[in-house]
Visitor: 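This structure is in structure tokens; I'll ask about it shortly.
These numbers come from a predicted model, not from an experiment. Throughout, a chain's letter reflects where its sequence line sits, starting with A, and its residues are numbered from 1. The figures here come from the full heavy-atom set of this structure, side chains too, leaving out hydrogens, waters and symmetry mates.
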2 protein chains.
Amino acid sequence: MSPIPSRLNSSTSSTSSGSSTSSPSTPYHHVGRTRTRQAPYIPSYLEEGQQCVVCGDKATGLHYQAITCEGCKGFFRRTAQKRLQYSCKENNDCEINVISRNVCQACRFKKCLISGMTTDLVLDEQERNAKRQLIEKNREKKELDQLMGLLKESFPCLPINEVKSIVDNVSEAYCKWIDPSLKMDSNFRFQDPVEQFNSLMTPTLARTFAFLKSLEGFSSLDLNQIREIMTSSNGWLEVQILKTIHKIDVENWLLLIEEDAPQGSPPRSPGVPLGNLRFEKNFIDDLKRISESFSNLQMTTEEIALLSAVILFPESLAEKNPEMKKQKKQLWTILEHIVEQNASILDFGIERWPKLLNKLMNLQMIVNRHSKVFFEATNAREVARLFT
Amino acid sequence: MSPIPSRLNSSTSSTSSGSSTSSPSTPYHHVGRTRTRQAPYIPSYLEEGQQCVVCGDKATGLHYQAITCEGCKGFFRRTAQKRLQYSCKENNDCEINVISRNVCQACRFKKCLISGMTTDLVLDEQERNAKRQLIEKNREKKELDQLMGLLKESFPCLPINEVKSIVDNVSEAYCKWIDPSLKMDSNFRFQDPVEQFNSLMTPTLARTFAFLKSLEGFSSLDLNQIREIMTSSNGWLEVQILKTIHKIDVENWLLLIEEDAPQGSPPRSPGVPLGNLRFEKNFIDDLKRISESFSNLQMTTEEIALLSAVILFPESLAEKNPEMKKQKKQLWTILEHIVEQNASILDFGIERWPKLLNKLMNLQMIVNRHSKVFFEATNAREVARLFT
DNA sequence: ATACGTTCACATGGTTCA
DNA sequence: TGAACCATGTGAACGTAT
Ligand SMILES: [Zn+2]
Ligand SMILES: [Zn+2]
Ligand SMILES: [Zn+2]
Ligand SMILES: [Zn+2]
């Protein structure tokens, strides 16, 4: 029914907690405007026209263990959530009906309790938070899944179907005829390499995606734009490699990553010898060269982060949108500034900035030269190790 | 059983619903509607009215090693799958019965475990995936078998695989050379035609030729033969027009092509109004007529591909070479069968095949009537747009 | 025949915004 | 404040592989 304003209209400062939530992304850009207002849902167990046990308004279902209207539901929740204390200006016996219910909050809440509503069912701060987080998480996941779907179309890894089927057949035959005991883990071993590739690369892409979105002005990009960005350049690969080469111990050529030890082996290996990675020698050599080259710069975390941002910043966007162009320029400028500032602090020559640019070019060339390597399904596992 | 509200969500009454909510998705479901609700299956080892060891509701069988109801089964599975952690708001000793089971998830799960349910039997993500894939695979196989069976009836004489591979090959070649937009995953333009011809002809001709060449028995044609074929009939024009008219939105008379937006204009035009094309009105009108005519047939990609193949198949070759003649005949036969088969699937009248032939004749007449249009130098640009 | 996962209508919690 | 909305947990019915 129509809410009747009265007396304590002042009430609470009202809602407006929100903000932060980021726009709900405009679920549907409707054209039709019509949006058939769908009939408010009523649970099937309610009789026709059943009344709210508190105020007699039209009930909409069980709420906090009592059959109530939307109004009493909301009132009760707000009261319990914020632990509000009301006091009656009369004799604690105000009548509560659909007209008068907003006159005395104290008596309304009292009647709620008497009518069987229980605050136990009101989620407390913590639970509420958990719920919000869950929803946020799911939202992201959903978006990511969609993106992954699009990405899969855009750069499918090289399937190598022939190899796969040969390997599968031979292995399967082996297990079947020669060593049946192996059959157990066949699930694991014969998993489709393409699937494997996807599941292994997803975390990496997801992180890159999240990083990109966190940059100013990128949060509102839609999925297709993101896909375009991710596929139209090797930027994300370059960023990953940039990260990786800073994890290489150039003295001993160890890749310093934490891996779960297989079993019973020493708890933590100090690192993986580069030679142990199953890539072609060519690639490993380039990796060594470039990581040695960068190690001389002693880049700081901030510098790496900024560099990653500009690498990822899609040129196409900058060209289309002057605002974005300005932003990219700004990032470059800041980076330059910091690099040179650190140069003097680190007692570097004056050449640090040009050197960085030079090395960056080198990095991009190398990534480009080997870009195929990253998409071979058979390499997926090693690539994932590299990018962990 | 009987639902009672409580903490989380209450359960439902068994009402059989019938409500019309139906807002979300509403995927394909049976239309039969009659569907006598068959008695929910109960394993034979259960005694009459045996109870769920967790909540006392009616048990439906062994689930994860304990005799439980459907509710506890689902609750346990979800919890284990998502590795959920609950916490009790009371003293970890909440009573669990059919009424209260939804009050405290922590205690419900605890009771599940105590009652002998084991998470070992809950399939993990990977196993679940494997299962899904297996089911999917089997479904496809089943469908394929059915289709094969259908084809086999239609072509008792021909090896069934051959028919299917012919259809597949022609369709694939068509998508590759003539109309890439048909292919789901080909967001990227045409395959580059063989270079040697590329320089000698317009891209359209080159692609049409490539299509022809990919047909069985045509791969060895040399340039001169090609030229002869291409010039001796309007086949290639007909094929291109056939493609084009299937890109026309007959509601709004828009030609649905993707053009690079000039600059700064809206990123993607929904289509080009036919009237915008710089052809004589005569020609446009015929185009409208013929495209409307074909749109009624709702031709599938395979049908269009096969039709294109037979249109392009040079009569001269068929006459000279009995082998080729047979092949052409075969293509016609396959096309006819598929068209009629689809007629029944699409709930078409029995007239689909004759109608197609009729419309084809019309198409050829129109192309013939306007053939001059395509070769006038001043029209070159527009023709290229049309055939993109 | 059995016991897995899947599907989806439903109920109900929180959230939004006029 | 509360009408409309969104999102998630629930469980009955169901589809399949073993
Ligand atoms: Zn009320
Ligand atoms: Zn009062
Ligand atoms: Zn139970
Ligand atoms: Zn408890």
Visitor: In whole Å, I'd like the distance from the CG atom of A:L62 to the P atom of D:dT10.
Guide: 17 Å

Visitor: Look at all strands and tell whether A:K142 reaches a base, only sugar-phosphate, or nothing, counting heavy atoms closer than 4.0 Å.
Guide: nothing

Visitor: Relative to the 5' end of DNA chain C, which residue comes earlier, B:H63 or A:Q81, by the nucleotide with the nearest heavy atom?
Guide: B:H63

Visitor: Closest to the A:Y45 side chain: D:dA12, C:dG5, C:dT12?
Guide: C:dT12

Visitor: In whole angstrom, what separates B:D124's CG from C:dC4's P?
Guide: 14 Å

Visitor: Quick one: are A:K58 and A:Q50 in side-chain contact, heavy atoms under 4.5 Å?
Guide: no

Visitor: Go nucleotide by nucleotide along DNA chain C from the 5' end; which of B:I42 and B:R132 gets its closest nucleotide reached first?
Guide: B:I42

Visitor: Ignoring hydrogens and angles, are the base of D:dG9 and the side chain of B:K82 linked by a donor-acceptor pair under 3.5 Å?
Guide: no

Visitor: What's the closest nucleotide to the B:N138 side chain, out of C:dG13, D:dA17, C:dT6?
Guide: D:dA17

Visitor: When you get a sec, tell me which of C:dT15, C:dT2, C:dG14 is the closest nucleotide to the side chain of B:P43?
Guide: C:dT2

Visitor: When we call it a touch if two heavy atoms are under 4.0 Å apart, what does B:G71 touch: a base, just sugar-phosphate, or nothing?
Guide: sugar-phosphate

Visitor: Just to be sure I understand the rule, does B:Y41 reach a base, reach only the sugar-phosphate, or reach nothing, if contact means heavy atoms closer than 4.0 Å?
Guide: base

Visitor: So, for A:Y64 and A:F75, is the gap between ring centers shorter than 6.0 Å?
Guide: no

Visitor: Assess the side chains of B:N97 and B:E95: does a donor N or O sit below 3.5 Å from an acceptor N or O?
Guide: yes

Visitor: Name the nucleic acid region contacted by A:R77, choosing base, sugar-phosphate or nothing; use a 4.0 angstrom heavy-atom cut-off, strictly under.
Guide: base

Visitor: Using a heavy-atom cut-off of under 4.0 Å over every strand shown, decide if A:T60 touches base, sugar-phosphate, or nothing.
Guide: nothing

Visitor: Take the protein atom CD of B:E70 and the nucleotide atom C1' of D:dT10, then report the distance between them rounded to whole Å.
Guide: 12 Å

Visitor: From C-beta outward on A:I135, which listed nucleotide comes closest to its side chain: D:dT10, D:dT8, C:dC4?
Guide: D:dT8

Visitor: Ignoring hydrogens and angles, are the base of D:dG2 and the side chain of A:R101 linked by a donor-acceptor pair under 3.5 Å?
Guide: no

